[in-house]
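This is a predicted model, so every value here is computed, not measured. These values consider heavy atoms only, across backbone and side chains, with no hydrogens, waters or symmetry-generated copies.
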Number of protein chains: 2
Amino acid sequence: MEALEQFKQFLDGRGLKYTREREKIFQAIVAFEKPFDVDGLLFYLKQREIKTSKATIYRTLQLLQESGLLRTISLSPTDHRTNLYSLCGKYRAYDHLICTGCGKVTDVEKKQICDSCRTITQDRGYQLESHSLRIFALCPECQKKGLTVENCR
Amino acid sequence: MEALEQFKQFLDGRGLKYTREREKIFQAIVAFEKPFDVDGLLFYLKQREIKTSKATIYRTLQLLQESGLLRTISLSPTDHRTNLYSLCGKYRAYDHLICTGCGKVTDVEKKQICDSCRTITQDRGYQLESHSLRIFALCPECQKKGLTVENCR
DNA sequence: CCTCTATTGAGAACGAGTCTCAGTTGCATG
DNA sequence: CATGCAACTGAGACTCGTTCTCAATAGAGG
Ligand SMILES: [Mn+2]
Ligand SMILES: [Mn+2]
Ligand SMILES: [Zn+2]
Ligand SMILES: [Zn+2]
């Protein structure tokens, strides 16, 4: 199913409305394609003279998350306050490759990771719900300009 | 090497001092054993009439992170603002099993995950630096009282 | 001592995200 | 249409973890 359709159905199922504001915000996010922050979203909308309040944006992001269409990414291994948001398909894993040089975020899909998570939880009697993997590494472009880093372990 | 020794060497190498305040904070963190938040640390110190300011605590946590002895954990898949801190060994991976019911955090070590990260980065020409995996799942105790959750994917 | 840093505490500042509340909109129903 | 009512919205106050500022203090070396 298309993302928009999924969002509309989600709203409908909750007795909520697909309003002009929600439409504008949704379209902006789709237009971005890449992970974005709320700052950038606000600026983008302001540039196009689309008036929306911060509150409405956060409320819409919340709905998108609840509908399974949006996820958040925390960019730093040590400071979990700088968040990006990104539209996603209907899967519940959040695996990202993050360049520590330029901040570029790439989606990663690897069956092996999901398998490991399943094993880990089963071994301990847990019931798996979801997981989030962030891999911090230098992209090829940044390596050409940049520093070498200590390897994992 | 012992953690305290490692911290002292780190400070020394930077021309910094192992002060009374830093000592008290370090001891409190060791005494905790479990992941803690700054709130809790402040309360713990206040109870024992050890006077330290918030600023000094944050500054010390920063140093501990830079020395490789401390890591942060973000507890929610969607909201990266609630952080815990936890002493750790000298490895750079941050893998945690987090109970979505009671919030219990368990360390996880799995070679397979580090291997996957290595493969993913190598395939794309990245240079691996570190990774952070959070697995969200219901612990056995919470399952006895609690809800069933949707499985991963 | 004297000097030069590193350090500290108090509290102001910051900033992403949330809440409040009064006014608006969408929609169903008579 | 008119009326009713819940959902929705924007402005701005608020929260709360974290960082910054700055004046006072402490350590180490000469
Ligand atoms: Mn921005
Ligand atoms: Mn607390
Ligand atoms: Zn890069
Ligand atoms: Zn639990």
Side-chain angles (χ1 to χ4, degrees), chain A residues 7-26 28-29 35-46 49-67 70-86 103, chain B residues 7-8 10-26 28 35-46 49-67 70-86 103:
Chain A
F7 188 38
K8 283 180 176 172
Q9 283 191 15
F10 167 82
L11 292 174
D12 201 51
R14 287 245 202 135
L16 305 178
K17 294 159 193 167
Y18 185 65
T19 63
R20 273 188 300 283
E21 285 80 7
R22 285 170 186 166
E23 182 182 29
K24 292 305 176 193
I25 291 167
F26 186 88
I29 293 173
F36 62 93
D37 60 12
V38 170
D39 234 39
L41 185 53
L42 266 169
F43 183 71
Y44 178 92
L45 292 169
K46 195 163 293 175
E49 312 203 358
I50 297 167
K51 285 186 54 181
T52 332
S53 71
K54 210 177 30 157
T56 298
I57 286 182
Y58 278 109
R59 286 186 284 236
T60 304
L61 294 182
Q62 177 63 35
L63 292 172
L64 284 167
Q65 281 184 194
E66 288 173 22
S67 75
L70 190 84
R71 53 197 163 166
T72 61
I73 313 166
S74 156
L75 286 188
S76 152
T78 56
D79 169 356
H80 296 270
R81 280 173 309 148
T82 45
N83 291 343
L84 295 187
Y85 300 84
S86 174
Chain B
F7 188 39
K8 284 180 176 171
F10 167 83
L11 292 174
D12 201 50
R14 288 243 202 139
L16 305 178
K17 296 158 192 166
Y18 186 64
T19 61
R20 273 188 300 283
E21 286 79 6
R22 285 169 187 165
E23 183 181 29
K24 292 304 176 195
I25 292 167
F26 186 87
F36 61 93
D37 61 13
V38 170
D39 235 39
L41 185 53
L42 266 168
F43 183 71
Y44 178 93
L45 292 170
K46 195 162 294 174
E49 310 204 0
I50 298 167
K51 282 185 56 180
T52 332
S53 69
K54 214 174 27 161
T56 299
I57 287 183
Y58 278 108
R59 285 187 285 237
T60 304
L61 295 183
Q62 177 64 33
L63 292 172
L64 284 167
Q65 281 184 191
E66 287 172 23
S67 76
L70 190 83
R71 53 195 162 166
T72 61
I73 312 166
S74 157
L75 286 188
S76 150
T78 56
D79 170 356
H80 299 268
R81 282 173 309 149
T82 45
N83 291 342
L84 294 187
Y85 299 85
S86 174

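- Ionic pairing of A:Lys51 and A:Glu21 is not present here: no N-O contact between side-chain nitrogen and carboxylate oxygen is shorter than 4.0 angstrom.
- Taking side-chain N and O atoms only, B:Thr56 has a distance below 4.0 Å to OP1 or OP2 of C:dG9.
- One can place CZ of A:Arg81 at 12 Å from C1' of C:dG17, the figure rounded to the nearest angstrom.
- Atoms CZ and CD1, from A:Arg59 and A:Ile57 in turn, are 10.5 Å apart once rounded to the nearest 0.5 Å.
- Between B:Leu61 atom CG and C:dT7 atom P the separation is 15 Å, expressed in whole Å.
- Between B:Asn83 and D:dT18 there is a side-chain polar atom (N or O) within less than 4.0 angstrom of OP1 or OP2.
- From B:Tyr85, atom OH reaches atom CG of B:Leu61 across 6.0 Å, with rounding to the nearest 0.5 Å.
- Where B:Thr52 and B:Arg14 each meet DNA chain C at their nearest nucleotide, the meeting point lying more 5' is that of B:Arg14.
- Residue A:Arg59 is in base contact, counting any heavy-atom pair closer than 4.0 Å across all strands shown.
- OP1 or OP2 of D:dT18 lies within a sub-4.0 Å distance of a side-chain N or O belonging to B:Tyr58.
- Going from atom CD1 of A:Ile50 over to atom P of D:dT9 covers 14 Å, rounded to whole Å.
- Projected onto DNA chain C by closest heavy-atom contact, B:Tyr18 and A:Gln62 fall at different nucleotides, the more 5' of which corresponds to B:Tyr18.
- The OG1 atom of B:Thr52 sits 6.5 Å away from the CD1 atom of B:Ile50 when rounded to the nearest 0.5 Å.
- Within the 4.0 angstrom heavy-atom criterion, only backbone atoms of the sugar-phosphate kind lie near B:Tyr85; the bases stay farther away.
- The CZ-P distance, from A:Arg20 to C:dG26, rounds to 4 Å in whole Å.
- The aromatic rings of A:Phe26 and A:Phe7 sit parallel, their planes meeting at an angle under 30°, below the 60° perpendicular limit.
- Remark: C1' of D:dA6 and CG of A:Asp12 are 15 Å apart, rounded to the nearest angstrom.
- Rounded to an integer number of Å, the gap from B:Leu16 CG to C:dT8 C1' is 14 Å.
- Counting to the nearest Å, the P atom of C:dT5 and the NZ atom of B:Lys17 are 11 Å from each other.
- Taking 4.0 angstrom as the limit, A:Thr19 places none of its side-chain polar atoms (N or O) nearer than this to OP1 or OP2 of D:dC8.
- Scanning atom types as modelled, one donor and one acceptor separated by under 3.5 angstrom connect the side chain of B:Lys54 and the base of D:dT18.
- Atom CZ of A:Arg22 and atom C1' of D:dC8 are 7 Å apart (whole Å).
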